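For clarity, every value in this text was computed on a predicted model and none was experimentally measured. Every chain is numbered from 1, with letters handed out A, B, ... down the list of sequences.
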Amino acid sequence: QQQGGCQIERLNAREPQRRIEAEAGYTEFWDSDDDQFQCAGVAACRNVINPQGLLLPSYTSAPALLYVLQGKGFQGIMIPGCPETFQSSQQSKEGQSRRFHDQHQKIRNLREGDVIALPAGIAHWCYNNGEQDLVLLIIEDTSNDHNQLDNNPRKFFLAGNPQQQQQQQQQKKQQNQGNVLAGMDVDTLAEVFRVDMETASRLQGQDDRRGHIVRAESDLQVIRPQRTREEQEREERGYEGRDN
Amino acid sequence: GLEETICSARLRQNIDDPSRADFFNPRAGRLTILNSLTLPILSFLQLSAERGVLYRNAIMAPQYTLNAHSIIYATRGEAHMQIVDHRGQSVFNERIQEGQMVVVPQNFVVVKQAGRDGFEWVALKTNERAIFSTLAGHTSALRAIPVDVLANAYQISRDEAMKLKRRRDESIMFEASARPRRETRA
């Protein structure tokens, strides 16, 4: 905190100040320059993800807490060095045409009331597989010791072209912005991923106009354990319906 | 009890010895990490270090250090280094050579490719247990993402998304492909 940053004479309840639209949802930001947010050293935003909307993978320079205000979905959190423990079965793909044998890190279900801890620098993505909007409140602790940059909230996207969002956060500076791969040479990307130049160019997302929340072409297929009907019913009954 | 604790604390550790490498790829290079687990006094200083050696034209996977700044000093050879900020803007896209130093801020993505004579460096990191995350290779963040998510995020086919995940099986140091690469820029 800057010297005298908490000399507040009056506190006011605040609404979000800016809204950034995307193909399958929008994000609203509270003004992180507001005195009370400056004093607390936090930044806040609210993501509204439409059904079949995918919040593109990103990470922040400060730790954050995410609260699910509404809806349901699932989330992938990529923790460096952790194994890909969700694996499609080799057996199940035999005999089926064009099934991909995929494996990835754990997928976590999201539902109303959940709090998710997001450590600084850990990338994550979210998908809305429900029938109503998935609404996420995110509070980023920019003054946390884990953030060694300044107190400005920074989001590093791994995909897409979140140009508009970043421009508005940065007082509409006219700069070319995009995901972190956009700042590398295309031939470097082709070499690093051993893909052709066209795919490497796609990674940069410079022609992508969908924003930071995109609509999945079809319902997203990921490997994750499904609840049985009994489990779902038990969950709906809640704690009161449990036997001792 | 100071003489038994602080006064006798181990303050020295060699990180140039190849046999101490933590990552080694005979076709690409090696990396040795020194942190508070290997030299406990570093937890007091809240600093750590790494020593890297890249062989001719080898590539260090694009990566970011998620809890520290990195101060990189080139000790031998040269490399083409690219550093990208949160807006996807290149803030450094140049050749770094022996005797030069560059600061990579926390979470900025860096990729380096050694020149013809290889590249060696030492880096100081501003956290006792600096952690990096790679964006390509066997333990990368992209490999931890489902194929369908990658296909939708990058607007590519599932086939291409699978290639993106699987083509590079090395972890952090990549052998350069056989095809000639353009010279690093000055």
Side-chain angles (χ1 to χ4, degrees), chain A residues 54 56-57 59 61 76 78-82 84 86 100 102 104-105 107 119-123 125 127 146-149 154-161 166 170 175-185 187-188 191-195 199 202-205 208 214 216-217 220-223, chain B residues 59 61-62 64-69 80 82-91 93 105-109 111 113 126-127 131-137 139-156 158-160 162-165 167-168 174 176-177 179 181-182:
Chain A
L54 170 68
L56 293 175
Y59 59 92
S61 53
M78 288 79 81
I79 303 173
C82 287
E84 294 131 28
F86 279 34
F100 288 87
D102 193 16
H104 49 75
Q105 283 192 19
I107 303 284
I122 302 289
W125 54 267
Y127 178 69
H146 291 196
N147 175 24
Q148 295 192 6
L149 298 173
R154 285 182 174 80
K155 191 164 265 194
F156 296 74
F157 278 90
L158 300 184
N161 190 10
Q166 301 290 356
Q170 301 289 327
Q175 291 169 321
N176 292 325
Q177 291 152 352
N179 76 59
V180 293
L181 302 179
M184 294 177 203
D185 298 341
D187 56 350
T188 299
E191 171 85 56
V192 158
F193 289 101
R194 281 202 171 136
V195 293
T199 304
R202 290 252 177 189
L203 298 181
Q204 297 190 316
D208 193 339
V214 304
E217 278 188 358
L220 209 63
Q221 299 297 311
V222 301
I223 307 155
Chain B
I59 303 165
Y64 61 93
T65 302
L66 49 92
N67 58 358
H69 304 305
H80 176 205
Q82 299 176 57
I83 305 172
V84 182
D85 71 5
H86 63 289
R87 297 165 299 188
Q89 286 194 315
S90 173
V91 291
N93 188 357
Q106 178 188 16
N107 285 322
F108 281 40
V109 176
V111 59
Q113 178 163 24
T126 58
N127 191 302
I131 301 168
F132 61 75
S133 180
T134 52
L135 300 182
T139 51
S140 69
L142 262 62
R143 196 145 166 157
I145 299 176
V147 163
D148 247 30
V149 174
L150 291 178
N152 278 284
Y154 294 118
Q155 296 184 291
I156 55 178
R158 286 178 179 167
D159 252 341
E160 284 298 324
M162 188 58 92
K163 284 181 195 164
L164 198 61
K165 284 182 71 163
R167 278 275 177 91
R168 274 288 182 189
F174 302 161
S177 64
R179 73 185 166 90
R181 191 189 139 75
R182 67 175 182 176

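- The part of A:Val214 that comes within reach of chain B is its side chain, from C-beta onward, which places non-hydrogen atoms under 4.5 angstrom from that chain.
- When heavy atoms are compared at a cutoff of 4.5 Å, B:Phe132 approaches chain A solely by way of its backbone atoms N, CA, C and O.
- When each of B:Arg143, B:Lys163, B:Gln155 is checked for heavy-atom pairs under 4.5 Å with chain A, B:Gln155 comes out on top.
- Contact of A:Ile223 with chain B is not made at all, since no heavy-atom distance falls under 4.5 Å.
- Of the residues listed (A:Phe156, A:Phe157, A:Tyr59), the one engaging B:His86 in a ring-ring contact (aromatic ring centres under 6.0 Å, His included) is A:Phe156, and it is the only one.
- For A:Glu84, the part sitting under 4.5 Å from any heavy atom of chain B is the side chain, from C-beta outward, and nothing else.
- Among residues two or more places apart in sequence or in another chain, the salt bridge (charged side-chain N to carboxylate O under 4.0 Å, His left out) test is passed with B:Arg168 by A:Glu191, B:Glu170.
- Looking only at side-chain heavy atoms (C-beta outward), A:Ser61 and B:Tyr64 stay at 4.5 Å or farther from each other.
- If you tally non-hydrogen atom pairs under 4.5 Å between each of A:Asp208, A:Leu56, A:Leu203 and chain B, the highest count goes to A:Leu203.
- Looking at B:Ala136, both its backbone and its side chain come within 4.5 Å of chain A, counting heavy atoms on both sides.
- Formation of a donor-acceptor pair under 3.5 Å by the A:Asn179 side chain with backbone atoms of A:Asn161 is not found in this model.
- Per-residue heavy-atom pair counts under 4.5 Å with chain A were compared for B:Thr126, B:Ile59, B:Ile131, B:Asn67, and the maximum is reached by B:Thr126.
- Between chain B and the residues A:Met184, A:Glu217, A:Gln148, the most heavy-atom pairs under 4.5 angstrom are made by A:Gln148.
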### Task
Evaluate side chain to side chain contact (heavy atoms under 4.5 Å, CB included) for B:Leu66 paired with B:Asn107, printing each intermediate quantity in order.
CA-CA 5 Å; B:Leu66 49 92; B:Asn107 285 322; 3.8 Å; yes
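- A:Leu54 touches chain B through its side chain: at least one heavy atom from C-beta onward sits under 4.5 Å away, while N, CA, C and O do not.
- Heavy-atom pairs under 4.5 Å with chain A peak, among B:Val91, B:Val111, B:Asn127, B:Thr139, at B:Val111.
- Looking only at heavy-atom pairs under 4.5 Å with chain A, the residue among B:Gly137, B:Ser90, B:Ala144 that has the most is B:Ala144.
- Proximity to chain B is absent for every atom of A:Pro119, based on heavy atoms less than 4.5 angstrom apart.
- The part of A:Leu181 that comes within reach of chain B is its side chain, from C-beta onward, which places non-hydrogen atoms under 4.5 angstrom from that chain.
- Heavy-atom distances place no part of A:Tyr127 under 4.5 Å from chain B, backbone and side chain included.
- Taken to the nearest 0.5 Å, the OG1 atom of A:Thr199 stands 12.0 Å off from the CD atom of A:Gln204.
- The backbone N or O of A:Asp185 lies less than 3.5 Å from a partner atom in the side chain of B:Gln82, making a donor-acceptor pair.
- Note that CZ of B:Phe108 and CZ of A:Arg154 are 6.0 Å apart. Values are rounded to the nearest 0.5 Å.
- Your options are A:Met78, A:His146, A:Arg194, A:Gln105, and the one with the most heavy-atom pairs under 4.5 Å with chain B is A:Arg194.
- Chain A forms the most heavy-atom pairs under 4.5 Å with one residue out of B:Leu150, B:Thr65, B:Leu164, and that residue is B:Leu164.
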### Task
Begin with the C-alpha distance, continue with both residues' side-chain angles, and end with the deciding distance and a verdict on side chain to side chain contact (heavy atoms under 4.5 Å, CB included) for B:His80 and B:Asn93.
CA-CA 7 Å; B:His80 176 205; B:Asn93 188 357; 2.6 Å; yes
### Query
Run the side chain to side chain contact (heavy atoms under 4.5 Å, CB included) check on B:Leu142 and A:Phe193 step by step: do they pass?
CA-CA 10 Å; B:Leu142 262 62; A:Phe193 289 101; 3.7 Å; yes
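- Ion pairing between a basic and an acidic side chain is recognised when a charged N comes within 4.0 Å of a carboxylate O; A:Asp102 and B:Arg158 show no such pairing.
- Among the candidates B:Ile156, B:Asn152, B:Ile83, the residue making the largest number of heavy-atom pairs closer than 4.5 Å to chain A is B:Asn152.
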